[in-house]
Asker: 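First the structure, then my questions, so here it is.
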Amino acid sequence: QQWKPLLQTLTQLTDLFANHRKELLLANVVSVEDYEAMYGEIHERLASTHLKLNNQVTALNELKKAEEIYSKIPNAKVRERTGKINWYLCELYVERADWKNALTYLDLYLQRQPIEVPPYERRAQILKNLFREREVLPFLRKAIDAQPNNLPLVLFFASQLTRNPTTRK
């Protein structure tokens, strides 16, 4: 219930941006790139609010809109947000047990080579759910080769090695 007023405000803001793009840009209030970045962020926040209200389908649609908007902006910081959206999309598909789509979006996110371990743990879990557990160790080995100084990732790899009796040496 507490999220409903925020949802209403964000929806109004989306309508304002959608219906008054030309006026905002002609008035030199913002640059085209900044306008698009703000518009994408509104969709991202709408998605987050819909998730809090358990409106998963609507959240998914809003994330895809944000991703589409961000993908057209050449700014590196904005492209970084696209990576974050791929993580959110992965998590939404995980909640729906749609492992194939979850893996697709997670792989897009992992192209950024994040230093945090949860995305790698998530990939191991998804591969297990897809009955492709044999791909976990080679994937982690490749990730470590790309980030040899990522100690948490190395420790996660070691923990995965000890789970498999054939690699426990």
Asker: What pair of heavy atoms forms the shortest contact from Glu33 to Pro74, and how long is it?
Answerer: OE1-CG, 3.7 Å
Asker: Say you draw a straight line from CG of Leu103 to CD of Gln125; how long is it, rounded to the nearest 0.5 Å?
Answerer: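 Reported to 0.5 Å precision, the distance equals 11.5 Å.
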Asker: Distance check, rounded to the nearest 0.5 Å: Glu67 atom CD versus Tyr88 atom OH?
Answerer: 13.5 Å
Asker: Do Tyr120 side-chain atoms and Pro114 backbone N/O form a donor-acceptor pair below 3.5 Å?
Answerer: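 Pair found, side chain donor or acceptor close to backbone of Pro114.
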Asker: Compare every heavy atom of Leu10 with every heavy atom of Ile42, then report the nearest pair and how far apart it is.
Answerer: CG2-O, 3.8 Å
Asker: Salt-bridged, Glu135 to Lys142, with N to O below 4.0 Å?
Answerer: no
Asker: How would you list all residue pairs meeting side-chain hydrogen bond (donor to acceptor under 3.5 Å, both in side chains) that involve residues 11-20, not counting sequence neighbours?
Answerer: none
Asker: Consider side-chain contact (heavy atoms from CB on, under 4.5 Å). Of Ile126, Leu106, Asn129, which one does Val94 pass it with?
Answerer: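 Among Ile126, Leu106, Asn129, the one that satisfies the side-chain contact (heavy atoms from CB on, under 4.5 Å) with Val94 is Ile126.
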Asker: Counting only heavy atoms not in Glu133, do more than 12 fall under 6.0 Å of its CD?
Answerer: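 Incorrect, the count does not exceed 12.
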Asker: Determine, stepwise, if the pair Leu161 / Leu140 fulfils side chain to side chain contact (heavy atoms under 4.5 Å, CB included).
Answerer: CA-CA 10 Å; Leu161 279 172; Leu140 289 173; over 6 Å; no
Asker: Kindly determine whether Met38 and Ile69 satisfy side chain to side chain contact (heavy atoms under 4.5 Å, CB included), including the steps that lead there.
Answerer: CA-CA 10 Å; Met38 287 187 284; Ile69 291 166; over 6 Å; no
Asker: Roughly how far apart are Ile85 CD1 and Cys90 SG, rounded to 0.5 Å?
Answerer: 14.0 Å
Asker: If you compare all heavy atoms of Ala66 against all heavy atoms of Gly40, which two are closest, and at what distance to 0.1 Å?
Answerer: CB-O, 3.4 Å
Asker: Give the ring-plane orientation class for Tyr35 versus Tyr39, where under 30° counts as parallel, over 60° as perpendicular and anything between as tilted.
Answerer: parallel
Asker: With respect to Leu63, which candidate in Thr58, Leu89, Leu46 satisfies the side-chain contact (heavy atoms from CB on, under 4.5 Å) definition?
Answerer: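 Filter result, single survivor: Leu89.
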Asker: Below 4.0 angstrom, N of the basic side chain to O of the carboxylate: do Lys72 and Glu36 qualify?
Answerer: no
Asker: I'd like to check Glu68 versus His43 (side-chain heavy atoms, cut-off strictly below 4.5 Å). Are they in contact?
Answerer: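 Not in contact.
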Asker: Does CZ belonging to Arg45 count more than 12 external heavy atoms closer than 6.0 Å?
Answerer: no
Asker: Ion pair present between Lys65 and Glu62, side-chain N to carboxylate O less than 4.0 angstrom?
Answerer: yes
Asker: Check Thr82 against Ser71 and note the closest heavy-atom contact, atom names and distance.
Answerer: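 Shortest heavy-atom separation between Thr82 and Ser71 comes out as OG1-N, 4.2 Å.
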Asker: How close do Leu7 and Leu53 get, counting heavy atoms only, and between which atoms?
Answerer: CD2-CD1, 3.6 Å
Asker: Can you name the closest pair of heavy atoms from Leu110 and Pro119 and give their distance?
Answerer: CD2-CB, 3.7 Å
Asker: In Å, rounded to the nearest 0.5 Å, how long is the span from CD1 of Ile144 to CG of Leu153?
Answerer: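 Reported to 0.5 Å precision, the distance equals 5.0 Å.
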Asker: Taking atom CG of Leu155 and atom CG of Asn150, what is their separation to the nearest 0.5 Å?
Answerer: 9.0 Å
Asker: Spell out, yes or no, whether Leu151 and Val117 are grouped together once hydrophobic residues are joined by side-chain heavy atoms under 4.5 Å, including indirect joins.
Answerer: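 Leu151 and Val117: separate clusters.
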Asker: Is it true that the side chains of Glu95 and Gln56 contain a donor and an acceptor less than 3.5 Å apart?
Answerer: yes
Asker: Below 30° counts as parallel, above 60° as perpendicular, anything between as tilted: where do the rings of Trp87 and Tyr109 land?
Answerer: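 Answer is tilted, since the angle falls between 30° and 60°.
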Asker: What I'd like to find out is whether the side chain of Asn61 reaches to under 4.5 Å of the side chain of Val57, using heavy atoms alone.
Answerer: yes
Asker: Which residue, Lys100, Arg122, Arg123, Arg112, forms the salt bridge (Lys or Arg N to Asp or Glu O under 4.0 Å) with Asp107?
Answerer: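 So, applying the salt bridge (Lys or Arg N to Asp or Glu O under 4.0 Å) to Asp107 and each of Lys100, Arg122, Arg123, Arg112, only Arg123 qualifies.
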Asker: More than 12 heavy atoms of other residues, nucleotides or ligands under 6.0 Å from CG of Leu16: yes or no?
Answerer: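 Counting other residues, nucleotides and ligands, CG of Leu16 exceeds 12 neighbours.
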Asker: Could you pull out all residues at least two apart from Tyr93 that satisfy ring pair (Phe, Tyr, Trp, His ring centres under 6.0 Å)?
Answerer: Tyr105
Asker: State the OG-CD distance between Ser48 and Glu41, to the nearest 0.5 angstrom.
Answerer: 11.0 Å
Asker: Grouping I, L, V, M, F, W and Y whenever their side-chain heavy atoms are under 4.5 Å apart, do Phe139 and Leu130 come out in a common cluster?
Answerer: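 Hydrophobic grouping puts Phe139 with Leu130.
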